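The structure under discussion appears below in the form of structure tokens.
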Amino acid sequence: WFQMHWPRDPAFFESPKVAIPSMFDRPRAAYIEGSAYFGIGANVITQGDSNIPLRTLSAFLNSSVGAWWFAINGKQRGVGVDIGVSKLRQFHLPPLNEKAFLLLAKVVELVEFVKSVSDEDADLSSTSFLEDLIDACVMECYFQEHMAERNLLFLDELIPSLEGYDLEADEEQHREFLEHFIATHNAPSAKIRNRL
């Protein structure tokens, strides 16, 4: 309360949002569904008029493309960068591709699920594979022609697997889907794994 010098819109805290620290050594944006309150050390992004799902936005901000952009455009402070709201608004998003953005949101949801289960249930190799896959999909959104030249496209390959995935599924459905998804795309002979 002592940091609140002027009234804030409750929607920033009570609606779904992406929160990212103002200073970091690497981006750590988080999608938050419920209420969460922050002081001046965090940037908070709500849906607003954008067609980009917030989970997808978190993928762009956390990607290696995002890390590169923040390193170039952020104000250097100690071992990290300082990103204010005005600088964050300049972050370039690729052209709107609703199908790709929805697919990315679904993969982010899978990572959230893996990280939400208890430590003994969490498969860290699954998390690493999914995070690498998200990064590759983000790269494709920015550099599609360049990646197509090298036969390194991911999104079209993932469409059949992810179209049936329900973001509102219960925990058991998440587990079943995740097991099948990993078995299909992270097997030694899988196209996705080999492209990664």
Side-chain angles (χ1 to χ4, degrees), residues 16-21 24-34 36 45 47 52-70 91 93-94 97-144 146-148 150-196:
K17 67 196 77 48
V18 172
I20 183 169
F24 50 81
D25 58 343
R26 69 179 182 87
R28 289 179 179 87
Y31 170 76
I32 302 167
E33 184 78 33
I45 305 163
Q47 188 65 54
I52 299 174
L54 290 172
R55 280 186 172 95
T56 303
L57 178 61
S58 71
F60 286 120
L61 295 173
N62 286 329
S63 70
S64 54
V65 173
W68 171 81
W69 189 89
F70 289 126
F91 185 83
L93 294 169
N97 179 339
E98 289 187 28
K99 185 174 266 190
F101 289 177
L102 183 57
L103 289 175
L104 269 167
K106 289 181 176 186
V107 182
V108 171
E109 169 82 9
L110 287 172
V111 172
E112 290 172 5
F113 173 73
V114 172
K115 290 187 174 190
S116 72
V117 297
S118 64
D119 289 341
E120 58 268 3
D121 291 339
D123 181 353
L124 297 179
S125 64
S126 295
T127 305
S128 177
F129 168 72
L130 292 169
E131 288 175 342
D132 289 346
L133 184 57
I134 290 169
D135 202 49
C137 291
V138 167
M139 288 271 196
E140 182 176 332
C141 289
Y142 284 101
F143 308 109
Q144 185 175 12
H146 185 70
M147 292 175 73
R150 289 158 178 76
N151 195 27
L152 293 175
L153 297 179
F154 295 86
L155 292 167
D156 285 342
E157 192 73 32
L158 293 172
I159 288 172
S161 296
L162 289 170
E163 278 185 329
Y165 179 60
D166 180 10
L167 291 172
E168 304 301 321
D170 64 27
E171 184 172 328
E172 187 57 36
Q173 291 169 318
H174 278 303
R175 283 183 191 279
E176 289 173 9
F177 183 87
L178 181 63
E179 287 172 9
H180 177 71
F181 186 84
I182 297 294
T184 302
H185 296 296
N186 199 24
S189 61
K191 287 181 183 177
I192 293 292
R193 177 178 171 166
N194 290 312
R195 288 177 186 172
L196 283 175

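This is a predicted model, so every value here is computed, not measured.
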With sequence neighbours left out, the residues meeting side chain to side chain contact (heavy atoms under 4.5 Å, CB included) with E112 are Y31, R55, V108, E109
dist N186:CG -> N194:CG (nearest 0.5 Å) comes out at 10.0 Å
Restricting to side chain to side chain contact (heavy atoms under 4.5 Å, CB included), what partner residues turn up for D170, sequence neighbours left out?
E172, Q173
Minimum heavy-atom distance between L130 and V107, given as atom pair plus value:
O-CG1, 4.0 Å
My understanding is that only residues two or more places apart in sequence, or in another chain, count here; which of them pass ring pair (Phe, Tyr, Trp, His ring centres under 6.0 Å) with F70?
F24, F91
Side chain to side chain donor-acceptor pair (under 3.5 Å) against E131, all qualifying residues, sequence neighbours excluded:
K115
Acceptor/donor pairs from residues 59-66 side chains to any protein atom, 3.5 angstrom cut, sequence neighbours excluded:
from: N62; atom 1: OD1; to: A29; atom 2: N; distance (Å): 2.6
from: N62; atom 1: ND2; to: A29; atom 2: O; distance (Å): 2.8
from: N62; atom 1: ND2; to: S58; atom 2: O; distance (Å): 3.2
from: S63; atom 1: OG; to: F60; atom 2: O; distance (Å): 2.8
from: S63; atom 1: OG; to: V65; atom 2: N; distance (Å): 3.3
from: S63; atom 1: OG; to: G66; atom 2: N; distance (Å): 2.9
from: S64; atom 1: OG; to: D135; atom 2: OD1; distance (Å): 3.2
from: S64; atom 1: OG; to: D135; atom 2: OD2; distance (Å): 2.7

I need the L103 CG to I159 CD1 distance, nearest 0.5 Å.
5.5 Å
Does the salt bridge (charged side-chain N to carboxylate O under 4.0 Å, His left out) test come out yes or no for R175 and E171, once each step is laid out?
CA-CA 6 Å; R175 283 183 191 279; E171 184 172 328; 3.0 Å; yes
Counterpart residues, salt bridge (Lys or Arg N to Asp or Glu O under 4.0 Å), relative to D25 (two or more places apart)
R28
Non-neighbouring partners of A190 that pass side chain to side chain contact (heavy atoms under 4.5 Å, CB included), sequence neighbours left out:
A187, R193
Under the 3.5 angstrom rule, does the side chain of R195 hit a backbone N or O of L153 as a donor-acceptor pair?
yes
In a check of side chain to side chain contact (heavy atoms under 4.5 Å, CB included) between F101 and each of L155, L57, L93, T56, which one passes?
T56
Minimum side-chain heavy-atom gap F154-M147 below 4.5 Å
yes
Here the side-chain hydrogen bond (donor to acceptor under 3.5 Å, both in side chains) pairs for residues 154-164, sequence neighbours left out, are S161-H185
Applying side chain to side chain contact (heavy atoms under 4.5 Å, CB included) to H180 and not counting sequence neighbours gives T184
Approximate separation, where rounding is to 0.5 Å, of K99 NZ and L162 CG:
11.5 Å
Look up atom CD1 in I192 and atom SG in C137, then write down how far apart they are to the nearest 0.5 Å.
7.0 Å
How long is the straight-line distance from CE of M139 back to CD of Q144, given to the nearest 0.5 Å?
14.5 Å
Heavy-atom check, side chain of L158 versus side chain of F181, under 4.5 Å
yes
For the student: nearest non-hydrogen atoms of P94 and C141, plus distance:
CB-O, 3.4 Å
